[in-house]
S.K.: 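Here you go, one structure.
Quick caveat, the model's predicted, so the values are computed rather than measured. In this chain, numbering begins with 1 at the start of the sequence shown.
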Amino acid sequence: MHWSMTDLKKKLGGSKELKASSAYLICSVLQRSLSVITLPLFARVLSTEEFGYSTVYNSTMAVAVIFVSLNLPYGSFSPAMLKFEDDREGYISAVNTICSFLMVLYLGVYFLFRDFWDGLLGLPSILMIFMGIEMLMSTSTQLWMGRARFEYRYKSFVTVTLVT
C-alpha cells in the first residue's frame, strides 16, 4: 500500500497529537538553530578566557546534571506518567524534592572541597554556585515540560521554550 502526505494529513487531520508533534519539532529546530547562530557570536565577542569558561561550564553542566539529578526528570518520566496516572502531581513533587535535595547536597560537597573543584575545573566559585542553581531550576523546568509534553499541552510548552 502506498501512502502519500495527503493521505496521512487526511487520516490525522487536525489531531492534537499532530499539532503537538509539529510544535515540538519546530521548537527543537529553533533551539538548535539558535545554538548554531550564537556560538560564532560568542566566540567573537568573548575573550579567549571567557569563551573557555563558557565551554567548560556548559560541558560540566551537561555531565553534572546527569549525576546530580540521577537523570530522574528525563529517562523514566514517561513510564512514570503512565504508572502514576492517578497521582502525577505526587510523583512530580517527589522527584522534584529528591532533585532539590541532591542539588543542596551538590552545593554542600562543593563547598567542602571548593579548592579541589575550582582547581580541577578551572572555574571560579561563583560559576560553580550558579551551576547548582541552574541544575535546580532546569530539573524543575524539565519536570514541568515533560508533563506538558505528555499531556499534549503544546501551547504552554512552546511559550516556555521560546521564553527560555
Side-chain angles (χ1 to χ4, degrees), residues 5 8-9 12-46 50-51 53-108 110 121 123-164:
M5 283 305 284
L8 186 61
K9 206 177 216 182
L12 294 173
S15 71
K16 66 180 178 182
E17 292 86 359
L18 179 63
K19 289 177 183 176
S21 295
S22 300
Y24 302 149
L25 175 68
I26 290 167
C27 279
S28 181
V29 169
L30 282 174
Q31 281 181 315
R32 302 295 181 242
S33 299
L34 202 58
S35 298
V36 169
I37 293 168
T38 58
L39 184 63
L41 292 174
F42 285 146
R44 290 176 190 217
V45 172
L46 299 175
E50 291 167 335
F51 189 73
Y53 283 150
S54 173
T55 304
V56 171
Y57 179 91
N58 289 328
S59 301
T60 304
M61 174 71 178
V63 173
V65 75
I66 293 169
F67 289 105
V68 175
S69 71
L70 301 178
N71 222 21
L72 292 174
Y74 308 96
S76 62
F77 190 79
S78 291
M81 289 292 95
L82 294 172
K83 184 175 181 178
F84 299 103
E85 188 173 359
D86 297 333
D87 191 22
R88 289 180 179 160
E89 270 103 29
Y91 172 78
I92 291 171
S93 176
V95 170
N96 202 26
T97 301
I98 291 168
C99 289
S100 297
F101 171 76
L102 292 170
M103 297 309 152
V104 170
L105 188 64
Y106 157 83
L107 287 171
Y110 169 72
L121 298 171
L123 293 174
S125 295
I126 191 71
L127 288 181
M128 295 300 290
I129 293 166
F130 280 136
M131 188 181 299
I133 294 168
E134 184 180 353
M135 282 190 278
L136 178 63
M137 302 302 252
S138 69
T139 53
S140 297
T141 304
Q142 286 301 318
L143 287 167
W144 180 86
M145 290 175 86
R147 181 162 185 192
R149 191 181 303 116
F150 190 81
E151 295 174 349
Y152 301 112
R153 290 185 285 132
Y154 62 92
K155 290 179 183 176
S156 56
F157 178 91
V158 168
T159 302
V160 169
T161 301
L162 293 177
V163 167
T164 313

S.K.: Under the 3.5 angstrom rule, does the side chain of T161 hit a backbone N or O of F157 as a donor-acceptor pair?
M.R.: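 Side chain of T161 to backbone of F157: a pair is present.
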
S.K.: Would a distance-only check, ignoring hydrogens and angles, find a side-chain to backbone donor-acceptor pair under 3.5 Å from S22 to L18?
M.R.: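 Yes.
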
S.K.: Starting at CE of M103, measure out to CD of E134 and round the result to the nearest 0.5 Å.
M.R.: 10.5 Å

S.K.: Any idea which heavy atoms bring Y53 and L127 closest together, and the distance?
M.R.: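 In this case the closest contact between Y53 and L127 is CB-CD1, 4.3 Å.
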
S.K.: If you take all heavy atoms of P40 and I37, which pair is closest and at what distance?
M.R.: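 In terms of heavy atoms, the two residues are closest at CD-O, 3.3 Å.
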
S.K.: Rounded to the nearest 0.5 Å, how far does CZ of R32 lie from SG of C27?
M.R.: 11.0 Å

S.K.: If you look at every heavy atom in L121 and V56, which pair is closest and at what distance?
M.R.: O-CG1, 3.4 Å

S.K.: Which distance, rounded to the nearest 0.5 Å, do you find between the CD of E85 and the CZ of F150?
M.R.: 7.0 Å

S.K.: Would you tell me whether Y110 and S125 have side-chain atoms, one donor and one acceptor, within less than 3.5 Å of each other?
M.R.: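 Yes - a donor-acceptor pair under 3.5 Å links their side chains.
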
S.K.: To the nearest 0.5 angstrom, please state how far the CD1 atom of I26 sits from the OH atom of Y154.
M.R.: 11.0 Å

S.K.: Can you check whether S138 reaches M61 side chain to side chain, under 4.5 Å on heavy atoms?
M.R.: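 S138 vs M61: side chains touch.
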
S.K.: A side-chain contact here means heavy atoms from C-beta on lying under 4.5 Å apart; do C99 and L136 qualify?
M.R.: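 Side chain of C99 against side chain of L136, heavy atoms only: no contact under 4.5 Å found.
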
S.K.: In the structure I gave you, are the side-chain heavy atoms of I92 and F77 within less than 4.5 Å of one another anywhere?
M.R.: yes

S.K.: Closest heavy-atom contact between Y152 and A20?
M.R.: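 Answer, listing the atom of Y152 first, then A20: CD2-CB, 3.7 Å.
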
S.K.: Any idea which heavy atoms bring S140 and N96 closest together, and the distance?
M.R.: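 Residues S140 and N96, closest heavy atoms: OG-OD1, 2.9 Å.
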
S.K.: Working to the nearest 0.5 angstrom, can you tell me the gap between I133 CD1 and M128 CE?
M.R.: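 Interatomic distance, I133 CD1 to M128 CE, rounded to 0.5 Å: 12.5 Å.
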
S.K.: What's the spacing between L107 CG and M131 CE if we round to 0.5 Å?
M.R.: 10.5 Å

S.K.: Would the number of heavy atoms belonging to other residues, nucleotides or ligands and lying under 6.0 Å from CG of N58 be above 12?
M.R.: yes

S.K.: For S76 and Y91, work out which heavy atoms get closest and say how close.
M.R.: OG-OH, 3.8 Å

